[in-house]
Amino acid sequence: MASYEYIESALILNLDTKEKIRDFKYGAKDFAKHGDAYNFLNDYFDKYGRFPSKEDLCDNYPTLDGSAYSSNFDYSLEEFKQHVLERTILSSIREKVGRDGSRVKENPKKVLSDLMVKLIDIDVDFDEDVQAYDDGNLSRLDDYKERTRIREMGEGLMGVRTSFSSINTQGVGWMPGDLVAAFARPTIGKTWLCVHAAATAVVQGKRTLLVSSEMPIKAINMRMDVVLGRMLNYNFSHRNLRYGEPINEVEYQRFLEESNTKSLLVCDHIAGEMGISLNAIAGLIRKHNPEFVVIDGVYLISVSQGSKQAWEQSHMLFYGLKNLATSTNTPILVSTQANRDASSMFRPPKANEVAFGDALIRASDVAISMCKVKDAEDKRLVQFQKYRDGYLHKDLTAMHWDINYGDIKELEDYPVEIPNDMEGFTNNRNF
């Protein structure tokens with residue numbers, strides 16, 4: 001383990017961005033040698049809005065080791081954490097036991113109890129998987145101020161823009177850690193909804209990963225051309241693209257050149273696997289660090305857990321997806337299919353009409369059910385069956401659904417009729 005002086009010098013000389021300072025959870029008291037230099041660094045930034053040069057730091061604090069600047073910041077940070085933990089443990093033992101062990105002789109049981117409590121507190125403080133609720137940290141206030149700043153900018157939407165204006169108008173889209181589930185009978189349009197969700201995020205500038213377990217990349221890309229083209233004011237026909245019928249090739253070329261972006265990643269298989277597994281998707285997310293993930297046909301995703309029962313596989317899948325969204329701090333939207341119990345094409349299927357829908361509805365933060373509208377092929381009825389931590393002014397809404405030209409949007413004033421067989425439906429049922 002490198003010396004205190006060297007590691008602390010490496011940290012201070014490399015704490016040179018706002019993000020690093022923000023994420024650095026330690027104070028001057030945690031430095032063994034260079035707490036004053038750390039205070040100087042913070043005061044300088046607060047006063048001038050920039051960081052002092054390495055030369056200024058070394059001039060003001062000649063005990064800093066200038067050669068440490070070349071050290072890797074992440075390595076230095078991990079070493080620093082170990083140093084702080086070591087000193088904290090030793091200090092706590094001396095405090096509770098006494099430098100000469102005299103307190104143990106006086107009341108060994110009390111010393112043992114006090115020491116165990118103190119060590120458990122230290123374990124909580126240094127366990128990165130848990131966080132004390134009220135530790136004097138004002139980061140939640142900073143988070144609130146940042147949300148306020150975002151709301152005051154432009155259209156004021158936090159998170160990833162959704163396909164639904166009734167959600168976007170709340171000022172909060174798909175947020176990091178959200179699991180969003182969409183389900184419908186076959187042929188209703190789950191894949192088109194997934195493509196539209198991904199295209200909406202891409203237009204917003206969000207790096208997006210679209211995983212399809214049902215359709216090859218070429219078919220997905222063709223649908224994306226139509227939907228994304230529409231959003232960029234082009235007017236392509238999916239039918240014409242698919243069947244090779246006449247299109248404006250100049251316009252198509254211009255669109256392809258304009259949309260030539262690395263912000264959308266599309267996947268229909270994962271090398272070395274017979275299918276697509278949850279573990280492999282987790283690997284893709286950690287490798288490419290997307291800001292939004294869409295998985296079309298989640299019921300075909302395996303959890304790579306051997307020969308477990310189907311219900312257990314599905315339970316692990318849905319909760320695994322929620323854990324993946326939380327651990328990677330990424331919103332994930334998944335689509336799945338209603339079973340034969342959802343006999344009507346004109347009623348949004350219930351959660352119990354989806355395979356293992358109980359696990360799905362419990363694990364998800366938002367659950368969206370979709371069906372056709374009678375005598376209106378260019379419409380879809382959408383029911384928000386679950387909307388956690390919020391309130392929507394309506395649970396049912398209608399979508400304009402012209403998939404040939406990628407014109408998919410929520411209709412603000414369309415008179416939505418509640419299907420007669422929607423037993424137990426309650427308006428504004430939010431969770």
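Any value given below was found using the heavy atoms of this structure, including those in side chains, with hydrogens, waters and symmetry copies removed. Computed from a predicted structure; not experimentally measured.
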Ring pair (Phe, Tyr, Trp, His ring centres under 6.0 Å) partners of Tyr38, counting only residues at least two apart: Phe24, Phe31
NZ or CZ of Lys20 within 45° of Phe73 ring axis and under 6.0 Å: yes
Leu210 and Leu265: CA distance, side-chain angles, deciding distance, side chain to side chain contact (heavy atoms under 4.5 Å, CB included) verdict: CA-CA 6 Å; Leu210 172 57; Leu265 307 174; over 6 Å; no
Side chains of Ser213 and Tyr299, donor plus acceptor under 3.5 Å: no
Set of residues satisfying side-chain contact (heavy atoms from CB on, under 4.5 Å) with respect to Asn72, sequence neighbours excluded: Asp74, Tyr75
Under the side-chain hydrogen bond (donor to acceptor under 3.5 Å, both in side chains) test, residues paired with Thr208 that sit two or more places apart: none
Within-4.5 Å side-chain heavy-atom neighbours: Met231 and Val227: yes
All side-chain hydrogen bond (donor to acceptor under 3.5 Å, both in side chains) counterparts of Arg230, not counting sequence neighbours: Asn235, Asp407
With Asp30 via salt bridge (Lys or Arg N to Asp or Glu O under 4.0 Å) - residues at least two apart: none
Ring-face cation contact, Tyr4 with Arg87, 6.0 Å cut, 45° max: yes
Lys18 NZ: over 12 foreign heavy atoms closer than 6.0 Å: no
Listed partners of Ser67 passing side-chain hydrogen bond (donor to acceptor under 3.5 Å, both in side chains), at least two apart: Asp65
Ring pair (Phe, Tyr, Trp, His ring centres under 6.0 Å) partners of Phe255, counting only residues at least two apart: Tyr234, Phe236
Partners meeting ring pair (Phe, Tyr, Trp, His ring centres under 6.0 Å) with Phe164 (sequence neighbours left out): Phe384
Side-chain H-bond candidate by donor/acceptor type, Glu410 with Ser165, under 3.5 Å: yes
Ring center gap for Phe51 and Tyr44 short of 6.0 angstrom: no
Asp268 to Met215 - nearest heavy-atom pair and separation: CB-O, 3.6 Å
Any residue meeting salt bridge (Lys or Arg N to Asp or Glu O under 4.0 Å) with Arg362, in chain and number order, not counting sequence neighbours: Asp358
Check: Trp174 and Val366 side chains under 4.5 Å, non-hydrogen atoms: yes
Results of side-chain hydrogen bond (donor to acceptor under 3.5 Å, both in side chains) for Glu353 - residues two or more places apart only: Arg347
CA sep, side-chain torsions, deciding dist, call: Lys322, Asp365, salt bridge (charged side-chain N to carboxylate O under 4.0 Å, His left out): CA-CA 9 Å; Lys322 176 56 184 174; Asp365 298 281; 2.7 Å; yes
Those residues that, when tested against Lys33, pass salt bridge (Lys or Arg N to Asp or Glu O under 4.0 Å) (two or more places apart): none
Intermediate values then yes/no, side chain to side chain contact (heavy atoms under 4.5 Å, CB included), Val354 and Gln337: CA-CA 6 Å; Val354 178; Gln337 193 163 284; over 6 Å; no
Counterpart residues, salt bridge (Lys or Arg N to Asp or Glu O under 4.0 Å), relative to Arg223 (two or more places apart): none
Heavy-atom check, side chain of Arg103 versus side chain of Lys96, under 4.5 Å: no
